[in-house]
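Here's the structure, in structure tokens; my notes come after.
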There are 2 protein chains.
Amino acid sequence: MVFSKTCEYGIRAVIFIAQKSENGAKIGIKEIAAGIDSPVHFIAKILQDLSKRGLVQSTKGPNGGFYIDKVAQKRTLADVVRAIDGENIFIGCGLGLKNCSETKPCPLHSEFKLIRSEIQKTLSSATIGDFNESLNLGLSFIKER
Amino acid sequence: MVFSKTCEYGIRAVIFIAQKSENGAKIGIKEIAAGIDSPVHFIAKILQDLSKRGLVQSTKGPNGGFYIDKVAQKRTLADVVRAIDGENIFIGCGLGLKNCSETKPCPLHSEFKLIRSEIQKTLSSATIGDFNESLNLGLSFIKER
DNA sequence: TTAAATAAAGATTTAAAACTCTTTTATTTG
DNA sequence: CAAATAAAAGAGTTTTAAATCTTTATTTAA
Ligand code: FES
Ligand code: FES
């Protein structure tokens, strides 16, 4: 809905890695793909990108994989979304006008502002570190079966 | 962001027709396309679909065009969105899980529920009739220039 | 009753998103 | 150092969304 499929996978992968890498463990790409139920190479691409931006970390070679360092733990899901889908969801007009503005508002401008700020609040108050396993306790799910 | 481009055009077209057809006038497809700044044939397709579903009305021939009857005036933007983009925005999981449910919630389930209900509230409380010109008074815009 | 106007329908093209496959590079370990 | 492992990079394919073009059907009015 709100996010591209790429972005949904990205968020789920980040959450998955955060859950699993709590104690410094590294998670291989295949395990991640299985864990969030996504195509292996597709999520690999996404993580490469997030890795360049420092939102996840990775090392190659045996026992390599993805993890999340102290710094990245403090980043938020808003950063992840911004990295993948860009700013539009945070600032774009709901009716697709090029510029959302107070001076030339669309008929739903004030309503969309509320919606966007709700989205913004949700995503920017959720740090990546919030999703580690000990906080999660198996109460939530990032794949179906 | 939240809607497909098709849906954005659709909403804008419906609002435009509602604004212009207040006194029973009919609006031609070219005028609509110009008025909302969209490709003529593309919005034509969208309106054909909305027309079949009774969300707008149309007549062919000279002086023909699109308009909105009494019944359609009472329909809401939620109906328009549902017709074009389907239900997903109202019920779908923000992280793309097949089924959003309380029993198997994603990590952001309760937050997404708030977002969705905000969207739902906005769209279902805006009737098509709300957008006629006399209410609008040139205070809002559905195209840039 | 014919010509013009207009939407409807259908077919096609283009562009973007989603997904896959292959090769390369870095790292570890024996 | 060689072999194995794992991510990075790049190229390619498929699918879906967006946009365009052409033809047909309906309505009006001269
Ligand atoms: S102008 Fe449309 S949301 Fe601000
Ligand atoms: S399960 Fe994700 S929003 Fe409900």
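Within the 4.0 Å cut-off from OP1 or OP2 of D/dA18, at least one side-chain nitrogen or oxygen of B/Thr6 is found. Taking only side-chain nitrogens and oxygens, B/Tyr9 never comes nearer than 4.0 Å to OP1 or OP2 of D/dA18.
For the residue pair B/Cys100 and B/Arg116, the shortest heavy atom distance occurs at SG-NH1, 3.3 Å. The minimum heavy-atom distance between A/Phe112 and A/Cys106, with the atom names listed, is CD1-SG, 4.2 Å. What you find for B/Asp85 and B/Cys7 is that their closest heavy atoms are OD2-CB, 3.2 Å.
If you take CD1 of B/Ile46 and P of C/dA7, they are 15 Å apart, rounded to a whole angstrom. For the pair B/Gln57 CD and C/dT6 C1', the interatomic distance rounds to 17 Å; values are reported in whole Å. Per the geometry, CD belonging to B/Glu8 stands 13 Å off C1' belonging to D/dA17, to the nearest Å. For A/Ile17 and D/dA6, the CD1 to C1' distance is 14 Å, given to the nearest whole Å. In this entry the distance linking CD1 of A/Ile29 with C1' of C/dC19 reads 14 Å, nearest Å. Per the geometry, CD1 belonging to A/Ile84 stands 14 Å off C1' belonging to C/dA17, to the nearest Å.
For the ring pair (Phe, Tyr, Trp, His ring centres under 6.0 Å) test, residues two or more places apart in sequence or in another chain that qualify with B/Tyr9 are B/Phe42. The salt bridge (Lys or Arg N to Asp or Glu O under 4.0 Å) check on B/Asp79 picks up B/Arg75, B/Arg82, with sequence neighbours excluded. Among residues two or more places apart in sequence or in another chain, the side chain to side chain donor-acceptor pair (under 3.5 Å) test is passed with B/Thr127 by B/Asp130. Annotation: side chain to side chain donor-acceptor pair (under 3.5 Å) contacts of B/Ser101 (sequence neighbours excluded): B/Thr103.
Side chain of A/Lys143 to backbone of A/Ala34: a donor-acceptor contact under 3.5 angstrom is found. Looking at B/Glu22, its side chain never comes within 3.5 Å of a backbone N or O of B/Asn132 through a donor-acceptor pair.
Nucleic acid contact for B/Ile27: sugar-phosphate only, since backbone atoms but no base atoms lie under 4.0 Å from a heavy atom of the residue.
Annotation: proximity of residues 47-54 of chain A to DNA chain D (heavy atom, distance under 4.0 Å) is found for A/Gln48, A/Ser51, A/Lys52, numbered in ascending order.
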Quiz item: Can you give one letter per nucleotide of nucleotides 20-30 of chain C, 5' to 3': B if a protein heavy atom sits under 4.0 Å from the base, S if only from the sugar-phosphate, - if neither?
Solution: BBB--BBBBS-
